[in-house]
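Whatever order the structure lists them in is the order used to number ligands and atoms, beginning at 1.
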Amino acid sequence: MVDISIKELDYESIPYNLLLLADDSKDAIEDYISRGRCYGAYINQNIVGIYVLLKTRSFTIEIVNIAVKKEYQNQGIGKKMVLDAINRAKLENFKVLEVGTGNCGICQLALYQKCGFRITHVDRDFFNKHYEEKIIENGIECVDMIRLSIDL
Ligand code: COA
């Protein structure tokens, strides 16, 4: 597995190109990065991954974006970032960490469940309602949001 270090990013140094890998909506990104906290995964001085945590309710926090640069995917960096988010949320006394992903996100569903998340419910037609462009991944149209959570 590759060695990475993870640190919080200043608002000014947030790499949008990475966030856009996980979310096509610039408006949504603008909204949650202004309210949440961004963490970058580095190999030496190069940023290779990012995730964003947003407090949504009392004691509940959510991973609202997570992405790894294409050429660094499938090397365990995503998993390290999810485990880092779990640890960080625990240390900050949150009780629940949530995440949502499209019904077509097979790798994402595998990743979250391998890190201990369980499916709570399905937000049906989420992508039909909130995204103008059709999203297709793994040959499956993305229409529903699968919601998962882990108790901390
Ligand atoms: N079946 C079973 N397991 C699978 C799988 C599949 N089809 N695809 C991936 N996995 C598993 C891997 O085996 C690994 O588990 P392991 O460590 O126990 O073997 C785990 O998922 C995560 O792999 P990892 O290498 O850490 O993932 P990554 O660094 O490529 O990061 C993403 C994952 C999703 C962040 C990355 O692919 C990405 O940036 N994608 C584009 C943006 C995106 O979709 N973000 C998420 C929005 S919800």
Completion exercise
Under 4.0 Å from one or more heavy atoms of A67, ligand 1 contributes atoms 39 (O)
Problem - Which residue and heavy atom of the protein sit nearest atom 4 (C) of ligand 1, plus the separation - result: A110 CB, 3.4 Å
Exercise for the section: Report the part of Q75 in contact with ligand 1, treating N, CA, C, O as backbone and CB onward as side chain, heavy atoms under 4.0 Å; options are side chain, backbone, both, neither. Expected result: backbone
Practice task
Report the part of K114 (side chain from C-beta onward, or backbone N, CA, C, O) that has a heavy atom under 4.0 Å from ligand 1; answer both or neither where that applies.
Solution key: side chain
Exercise for the section: Identify the protein heavy atom lying closest to atom 29 (O) of ligand 1, giving its residue, its atom name and the separation to 0.1 Å. Expected result: G78 N, 2.7 Å
Problem - Protein contact to atom 39 (O) of ligand 1 [nearest heavy atom, distance to 0.1 Å] - result: V68 N, 2.7 Å
Exercise for the section: Could you list who else is in F126's hydrophobic cluster, with ILVMFWY side chains joined at under 4.5 Å, directly or through other members? Expected result: F127, Y131, I135, M145
Handout entry: Note, F117 side chain near L97 side chain (heavy atom, < 4.5 Å)
Key = yes
Practice task
Would you check the N or O atoms of A22, main chain and side chain alike, for any that come under 3.5 Å of an N or O of ligand 1?
Solution key: no
Exercise for the section: Could you tell me whether ligand 1 has any atom less than 4.0 Å away from a heavy atom of Y112? Expected result: yes
Exercise for the section: Below 4.0 angstrom from a heavy atom of C107, which ligand 1 atoms are there? Numbered from 1 as shown, please. Expected result: 8 (N), 9 (C)
Problem - N74 N/O under 3.5 Å from ligand 1 N/O - result: yes
Exercise for the section: Flag Q108 as yes when one of its N or O atoms lies below 3.5 Å from any N or O atom of ligand 1, and as no otherwise. Expected result: yes
Exercise for the section: Any chance you could measure E141, atom CD, to N128, atom CG, to the nearest 0.5 Å? Expected result: 6.5 Å
Practice task
Might you check, step by step, whether the distance between atom 7 (N) of ligand 1 and some protein heavy atom is under 4.0 Å?
Solution key: yes
Exercise for the section: Would you mind checking if R57 and E62 are paired as a salt bridge, meaning a charged N to carboxylate O distance below 4.0 Å? Expected result: no
Handout entry: Atom pair NZ (K79) and SG (C115), whose distance is rounded to the nearest 0.5 Å
Key = 6.0 Å
Practice task
Find all atoms of ligand 1 within a distance of less than 4.0 Å from any non-hydrogen atom belonging to T101, and give their numbers and elements.
Solution key: 48 (S)
Exercise for the section: Any pair with a residue in residues 8-47 that passes ring pair (Phe, Tyr, Trp, His ring centres under 6.0 Å), sequence neighbours left out, goes on the list, sorted by first then second residue, please. Expected result: Y39-Y51
Problem - Side-chain heavy-atom pair I14, I50 within 4.5 angstrom cut-off - result: yes
Handout entry: V48 side chain reached by I77 side chain, heavy atoms, under 4.5 Å
Key = yes
Problem - Expected output: side-chain K69 to main-chain I47 donor-acceptor under 3.5 Å - result: yes
Exercise for the section: Report the part of I106 (side chain from C-beta onward, or backbone N, CA, C, O) that has a heavy atom under 4.0 Å from ligand 1; answer both or neither where that applies. Expected result: side chain
Exercise for the section: Note the single closest protein heavy atom to atom 38 (C) of ligand 1, along with its residue, its atom name and the distance in Å. Expected result: Q73 NE2, 3.3 Å
Problem - Salt-bridge present (R88, D84; N to O < 4.0 Å) - result: yes
Handout entry: Closest to atom 45 (N) of ligand 1 (judged by heavy-atom distance), picking from I66, L111, I77, L18
Key = I66
Fill in the blank from the handout: Near L21 (heavy-atom distance under 4.0 Å), the atoms of ligand 1 are 41 (C), 42 (C)
Problem - atom 32 (C) of ligand 1 protein-contacted, heavy-atom criterion under 4.0 angstrom - result: no
Handout entry: Proximity flag G76 to ligand 1, non-hydrogen atoms under 4.0 Å
Key = yes
Practice task
Specify the protein heavy atom at minimum distance from atom 18 (O) of ligand 1: its residue, its atom name, and the distance to 0.1 Å.
Solution key: K79 NZ, 3.0 Å
Problem - Separation of D123 CG from K129 NZ (nearest 0.5 Å) - result: 6.0 Å
Handout entry: L83 with L111, same ILVMFWY side-chain cluster at under 4.5 Å
Key = yes
Problem - Straight-line distance of R35 CZ to L53 CG, nearest 0.5 Å - result: 13.0 Å
Practice task
Check if G100 has a non-hydrogen atom at a distance under 4.0 Å from any atom of ligand 1.
Solution key: yes
